[in-house]
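Heads up: the structure comes next, in structure tokens.
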Amino acid sequence: MATDTLKSTAGAGGAAGVRRLLLDNGALTALIVLVIAMSALSGDFLTTDNLLNIGVQAAVTAILAFGVTFVIVSAGIDLSVGSVAALSATVLAWSATSAGVPVAMAVILAIATGLAAGLVNGILISYGKLPPFIATLAMLSVGRGLSLVISQGSPIAFPNSVSHLGDTLGGWLPVPVLVMVVMGLITAFVLGRTYIGRSMYAIGGNEEAARLSGLRVKKQKIAIYALSGLFAAAAGIVLAARLSSAQPQAANGYELDAIAAVVIGGASLAGGTGKASGTLIGALILAVLRNGLNLLSVSAFWQQVVIGVVIALAVLLDTVRRKAGATPVAAGASPGGRGRQTLTYALAALVAVAVVGGMSFLHGGSSSTTPKVGLSLSTLNNPFFVQIKQGAQAEAKKLGVDLTVTDAQNDASQQANQLQNFTSSGLGAIVVNPVDSDAAGPAVRAANKAGVPVVGVDRGVNKAKTAALVASDNVEGGKLGAKALAEKLGGKGKIVILQGLAGTSASRERGAGFAEGLKAYPGIQVVAKQPADFDRTKGLDVMTNLLQAHPDIQGVFAENDEMALGAIKALGSKAGKSVQVVGFDGEPDGLAAVKAGTLYASVAQQPSQLGRIAIDNALRAAQGKKVEETVMVPVKVVTKENVAGFTG
């Protein structure tokens, strides 16, 4: 068994003792400092609802991170947990709905899926001699691909009996928080009280020494990665229950958050150290950061920068702590050490209570008569949604509205967190552009319950009440795109379709409308459909590949202008001449390509107008005035002949 031999300086007292206490509990210190800072900066941070939100928002990351803790303590890495979580949730939803399997059996199948993925990782690493980075990177791709195959790229609604995992007990305790606590206790028990837990520390401390001492390292590694897969499955079920649906693209990138939580919590990537409580604190730090930065209206792009800096500082603190002779977390802690740890946490709790009381008093008398509205956009990595934001901001300035804008980065879970934050912040109204219409439902229902009116923009929200929906008709736009391309080709020819991000309503609706519109033109043959994720670079790559297989095509329909512009680049001199390209959205670069003649047409929406109308309706709803349930902003096919008069 490998143990840490670093000793704290004997007889340290006074300032040196405090310094050692802070170094030994760096993550806890950082969490307390963050809570104090966020409490001082935002009067909405310390509300009961918001603190519960933080717990819910930390739950999935924490559960994933608990599983990753086992791997990192043993000096490994697991990059597949996000994809395994999505795959497990998809298996559960598909089994309980399409396959007609009883819910209890579907849950078992989901857990078995995560366990199987972890076993495969362990076997590849132990017996296949693959580096953990490579083996789990491969599983990341396989898991995500299988999730998309099973779901056909579309979210699958969860059975109500499973969706209750995203509810509350007694009307106040969120079930995800309860699950997080239970999984944390299991992790602490496994690490501190079991043979396999002691084996993890031994393997992480010195694998060769562990093998020579008689430990069956290969079998232990298989068990360690199986545990990681099991925890990933649990996290996937909790996440999907929160969203009332299994999203094939769910938990994308969560593996990095999980690893970050473990490292921030004091574990070393070199192995041999780490504990469950540290991992929980790390997950809470990430949740507090995101929650607080949301409340302070900090851009999601800057949030990533801040989190990156926090991770770097956490590793730096670990280095400083070791050089200072502080005692790292290792296996076999003495009862006295556990007593001191308990005392430390008790003192931290007292500090937190004092902060809560002080900051509540500080913000108690503050009030504002300025109407506040929150706008949650599915992504700002697309000019169309940037234009919605700009239109909304212009209207908010005109009406004297305090507007907070957040970017969900095409992550339905992140958007659910943002909507929860808006609800607990006491905003007058919320405007949401859903990543997925089903996944936004639970968070919008919570806003309904809190009496906060919600306005949908561009996409609607399912199974929840919205005061108004301000949108363009994506299905009608798809039909118009089909008509424009087919008539340009004279009613016959071979075409390819570049599809958007799998699982998004915009991609489904535009594709369905285009397919419906093509029925009137039997001479048009679709020879290939491939996703390019609404991305220009992917549009270029996918179009380049398709041209190798289908060099004789005459037309391209792209479900947004970004992919169309990538296709134009791949087509080169053919674009606008032997091959006609039709896009969707009417974004500035797309309209410039229409003027240049390389893009034949764009089915143009009016994103700035969508943003302006949405804010106007949100303010009216917040004031109790009547608003129309549906406000349709017309789409328009823009070609070289009429582009000069189109303003967007």
Side-chain angles (χ1 to χ4, degrees), residues 44 47 49-50 52-53 56-57 155 163 166-168 242-245 291 294-295 297 370-379 385 388-389 391-393 395-396 399 401-408 410-472 504-506 607 609-633:
D44 297 317
T47 63
D49 286 344
N50 192 59
L52 288 174
N53 285 345
V56 172
Q57 292 163 23
S163 294
D167 294 340
T168 58
R242 278 194 67 204
L243 304 177
S244 292
S245 62
N291 176 271
N294 279 168
L295 296 178
S297 303
T370 303
K372 295 182 179 181
V373 174
L375 169 60
S376 176
L377 290 166
S378 58
T379 180
F385 298 106
I388 289 181
K389 182 190 77 168
Q393 289 174 329
E395 188 69 10
L399 298 174
V401 171
D402 182 357
L403 179 65
T404 299
V405 181
T406 61
D407 172 14
N410 279 323
D411 183 341
S413 176
Q414 188 168 326
Q415 184 165 64
N417 294 343
Q418 292 166 357
L419 293 174
Q420 283 185 328
N421 294 342
F422 283 159
T423 300
S424 63
S425 298
L427 298 181
I430 297 172
V431 179
V432 58
N433 161 238
V435 172
D436 178 78
S437 299
D438 288 319
V444 173
R445 289 198 297 272
N448 295 158
K449 186 177 179 180
V452 181
V454 179
V455 172
V457 62
D458 188 49
R459 304 166 188 161
V461 180
N462 295 338
K463 298 180 181 178
K465 181 182 178 182
T466 53
L469 169 63
V470 182
S472 303
T504 58
S505 57
Q609 189 72 357
L610 287 172
R612 286 194 293 268
I613 295 173
I615 294 300
D616 181 64
N617 278 267
L619 181 59
R620 290 174 60 84
Q623 294 171 341
K625 297 179 181 178
K626 184 179 179 180
V627 294
E628 295 293 329
E629 288 188 6
T630 304
V631 181
M632 299 304 295
V633 179

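Here, residue 1 is the first one in the sequence, and each next residue gets the next number. Just the heavy atoms: all of them, side chains too, but no hydrogens, waters or symmetry mates, feed the values below.
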[X] to [Y] - nearest heavy-atom pair and separation:
X	Y	result
Leu427	Gly374	CD1-N, 3.5 Å
Ala464	Val444	CB-CG1, 3.7 Å
Ala618	Val373	CB-CG1, 4.2 Å
Gly451	Pro453	O-CD, 3.5 Å
Leu375	Ala392	CD2-CB, 3.7 Å

Spatial distance of atom [atom1] ([X]) from atom [atom2] ([Y]) [nearest 0.5 Å]:
X	Y	atom1	atom2	value
Ile388	Gln393	CD1	CD	12.0 Å
Glu629	Asn617	CD	CG	11.5 Å
Glu395	Leu403	CD	CG	11.0 Å
Asn294	Thr404	CG	OG1	9.5 Å
Ile430	Thr466	CD1	OG1	12.0 Å
Ser424	Leu295	OG	CG	6.5 Å

Just do the side chain to side chain contact (heavy atoms under 4.5 Å, CB included) check on Val401 and Thr370 with the steps written out, would you? CA-CA 6 Å; Val401 171; Thr370 303; over 6 Å; no
Please tell me if the side chains of [X] and [Y] come closer than 4.5 Å, counting only heavy atoms from C-beta onward.
X	Y	answer
Asp411	Gln415	no
Ser472	Leu610	yes
Leu469	Val631	no
Arg242	Ser413	yes

Tell me, yes or no, whether the heavy-atom count around Gln623 atom CD, taken from other residues, nucleotides or ligands under 6.0 Å, exceeds 12.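 Check passes, neighbour count above 12.
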List the steps and the verdict of side chain to side chain contact (heavy atoms under 4.5 Å, CB included) for Asp407 and Leu377. CA-CA 5 Å; Asp407 172 14; Leu377 290 166; 5.6 Å; no
Which pairs would a plain distance check flag for residues 454-462, meaning a side-chain donor or acceptor within less than 3.5 Å of a matching protein atom at least two apart in sequence or in another chain?
from: Arg459; atom 1: NH1; to: Pro434; atom 2: O; distance (Å): 2.7
from: Asn462; atom 1: ND2; to: Asp438; atom 2: OD1; distance (Å): 2.9

side-chain contact (heavy atoms from CB on, under 4.5 Å) partner of Ser376, the single match among Asn421, Val435, Leu419, Val431: Leu419
Could you work out, with side-chain hydrogen bond (donor to acceptor under 3.5 Å, both in side chains) as the rule, every residue matching Thr406, not counting sequence neighbours? Gln418
Kindly say whether Thr379 contributes a backbone atom to a donor-acceptor pair with the side chain of Asn410 at under 3.5 angstrom? no
Can you tell me if Gln420 and Asp49 form a side-chain donor-acceptor pair at under 3.5 Å?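 Looking only at side-chain atoms, Asp49 and Gln420 do not form any donor-acceptor pair under 3.5 Å.
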Any side-chain donor near an acceptor of the partner, Asn291 and Asn53, under 3.5 Å: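 The criterion, which ignores hydrogens and geometry beyond distance, is not satisfied for Asn53 and Asn291.
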